[in-house]
Protein chains: 2
Amino acid sequence: MDEEFKLNSIAAADWPAADEPAEQEASSKQRRLSPAQRREDFIRKATSLFAEEGFDAGTRELARKLGVTQPLLYRYFPSKDDLIREVYKRVYLDRWQPEWDDMLGDRSRPIRERLQHFYDAYTDAIFDRDWIRIYLFSGLKGASINKWYVSIVETRILTRIIEEYRHEAGLPAQEPAAAELELAWLLHGGIFYYGVRKHIYDSPVLEQKNRAISNALDVFLEGISSVFGTAVKTRSTAIRKVSGPDGQD
Amino acid sequence: MDEEFKLNSIAAADWPAADEPAEQEASSKQRRLSPAQRREDFIRKATSLFAEEGFDAGTRELARKLGVTQPLLYRYFPSKDDLIREVYKRVYLDRWQPEWDDMLGDRSRPIRERLQHFYDAYTDAIFDRDWIRIYLFSGLKGASINKWYVSIVETRILTRIIEEYRHEAGLPAQEPAAAELELAWLLHGGIFYYGVRKHIYDSPVLEQKNRAISNALDVFLEGISSVFGTAVKTRSTAIRKVSGPDGQD
DNA sequence: CTGTTAATTTATCGACCGATAAATTTAAAC
DNA sequence: GTTTAAATTTATCGGTCGATAAATTAACAG
């Protein structure tokens, strides 16, 4: 892997000049856009097109969606692969919120609360049809940025979850063991799969996402404490019993 | 969805006649194969090719891998889509083991043991590069057989897990609530994601699959019993009872 | 060996793909 | 209004795709 990626690289629209002539507003009758705006439109529409049909979707269809002709693409991107790379960056890099890094490590709050806040926010960002489909498409394609992101999840999220759990449980601090990391993957993958079912399989999921997360965290934290051999105050406030949406059971 | 699927439809090689002239063995110098054998080879190679490159992989590349020319494909399949459908059937239908259906419902054994046996066997069958990649490719494509399979998982596996858990925990029998099913999805998705990491992301996973499953089941069963409000004998290697915060509040 | 059947190949079609070059048109500068 | 730069379109190329028709050739029956 000889590519380098950086989270939140403000790579947005900093090409020719996105702020000179009062930045033309998106009038529908506008026949020409500023290069920055046009480029932005290409990336945006390409993201949703590739998300739906995969990266084999044609450049002509993309141009048609933008109301322009196909060769225009090549004034803004040297090749289709370059466009794809821009889409990658937009999807993978620009959605990571820096505060997530601190969120999990804030020991002034109980871990149960931190995890709930984190996964609520994190899934708000990535349980998005475009994001999750492009994530899997790029994974199937073996894109290096996908493997890079997986390692980010492991170091920035899962390792930290285990570390913070161990701390709150009064266990000695240490590098998380492989089996512990695997348990964190169980939680993370289980939550992630909620998004897969919703956006890839188009399958019905429990409507209230935050409730699904809350129950998942309860099960995980309760369960992990017995497996690890030490209990931790975990339960969130209300839920005493899992039940249907209207609580009838 | 106007298609119908059936698990374990012995759809293997029952086309023209797969058993007449002593069924030619796969000699490398053989220039012509029996139609049944040729068709079988097409499906097999197509499975691995589509698994690697997606269903957009070309028919010429497929033929090349078989050492034949591309138009020959069309003597065995009316169209590429028909070939893809055959691959679907092979991957989705022929791998389901009928005994799995009973495995989960055998109340003469504790649920912990049943779940371990089931997931060991189930993942032996589906944590296969071809299977899991075609599963996701077809999901992204919106193939009806994929949606059908998801519903099979829900009715044949997840619903049963909840029912059996409730039974063993002494809870009243009832249709699993949506939130309960969602928790079963958490376990199932978490385990499934192990295969995704391994075969889609090509990411390192805990070597001993059965240990990952064992830990996952410990966490799940211990956790769910505190969330459901009733404990169940779960641990594989008998350990003390967890200090479940006794869900009554 | 001869004749027949069918498995396989050769040749090719029309559609679509990503990409390039040249012509055109818009918009802003003067 | 004229000029000028560049955004956009028109035209087109070589390659690949799925698919069809016709020619070939291997295998078997007699």
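The chains referred to below are lettered A, B, ... by the order of the sequence lines, with proteins before strands, and numbering in each begins at 1.
In this structure, Ile84(A) atom CD1 and dA19(C) atom C1' are separated by 14 Å, rounded to whole Å. Taking atom CG on Leu83(B) and atom P on dA19(D), their separation rounds to 10 Å, with Å as the unit. The interatomic distance linking Arg64(A) (CZ) with dC16(C) (P) rounds to 12 Å, in whole Å. Between Lys80(A) atom NZ and dA19(C) atom P there is a gap of 8 Å when expressed in whole angstrom units. Between the CG atom of Asp56(A) and the C1' atom of dG18(C) there is a distance of 12 Å, rounded to whole Å. The separation between Asp81(A) atom CG and dC17(C) atom C1' is 13 Å, rounded to whole Å. If you measure from atom CD of Glu61(B) to atom P of dG15(D), you get 18 Å, rounded to the nearest angstrom. Spacing between atom CD of Gln37(A) and atom P of dT8(D) amounts to 11 Å, rounded to whole angstrom units.
Inspection of the Thr123(A) and Lys209(A) side chains reveals an N or O donor paired with an N or O acceptor under 3.5 Å.
For the side-chain hydrogen bond (donor to acceptor under 3.5 Å, both in side chains) test, residues two or more places apart in sequence or in another chain that qualify with Asp202(A) are Arg129(A). Scanning for ring pair (Phe, Tyr, Trp, His ring centres under 6.0 Å) contacts around Phe137(B) gives an empty result, with sequence neighbours left out. With sequence neighbours excluded, the residues satisfying ring pair (Phe, Tyr, Trp, His ring centres under 6.0 Å) with Trp96(B) are Trp100(B). Applying the salt bridge (charged side-chain N to carboxylate O under 4.0 Å, His left out) rule to Asp120(A) yields no partners; only residues at least two apart in sequence or on another chain are considered. Listed by chain and number, the residues in a side-chain hydrogen bond (donor to acceptor under 3.5 Å, both in side chains) with Arg95(A) are Asp128(A) (sequence neighbours excluded).
If you check every strand for non-hydrogen atoms under 4.0 Å, Ala57(B) touches sugar and phosphate atoms only.
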Name the pairs: protein N/O against N/O of nucleotides 1-4 of chain D, kept only if under 3.5 Å.
none

- request: Go along nucleotides 2-12 of chain C 5' to 3' and tag each nucleotide: B for a protein heavy atom under 4.0 Å from its base, S when only backbone or sugar atoms are that close, - otherwise.
  value: ----BBBBBBB
With a 3.5 Å cut-off and sequence neighbours excluded, list the donor-acceptor pairs that the side chains of residues 182-195 of chain A form with protein atoms.
{"residue": "Glu182(A)", "atom": "OE1", "partner": "Arg197(B)", "partner atom": "NH2", "Å": "3.2"}
{"residue": "Glu182(A)", "atom": "OE1", "partner": "Leu206(B)", "partner atom": "N", "Å": "3.0"}
{"residue": "Glu182(A)", "atom": "OE2", "partner": "Arg197(B)", "partner atom": "NH1", "Å": "2.7"}
{"residue": "Trp185(A)", "atom": "NE1", "partner": "Glu154(A)", "partner atom": "OE1", "Å": "2.9"}
{"residue": "His188(A)", "atom": "ND1", "partner": "Tyr119(A)", "partner atom": "OH", "Å": "2.7"}
{"residue": "Tyr193(A)", "atom": "OH", "partner": "Tyr201(A)", "partner atom": "OH", "Å": "2.8"}
{"residue": "Tyr194(A)", "atom": "OH", "partner": "Leu206(A)", "partner atom": "O", "Å": "2.5"}

Donor-acceptor contacts, no H, no angles, side chain residues 55-62 of chain B, under 3.5 Å, sequence neighbours left out:
{"residue": "Thr59(B)", "atom": "OG1", "partner": "Gln70(B)", "partner atom": "NE2", "Å": "3.2"}

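Using bins of under 30°, 30° to 60° and over 60° for the plane-to-plane angle, the ring pair Tyr92(B)/Tyr88(B) lands in the perpendicular bin.
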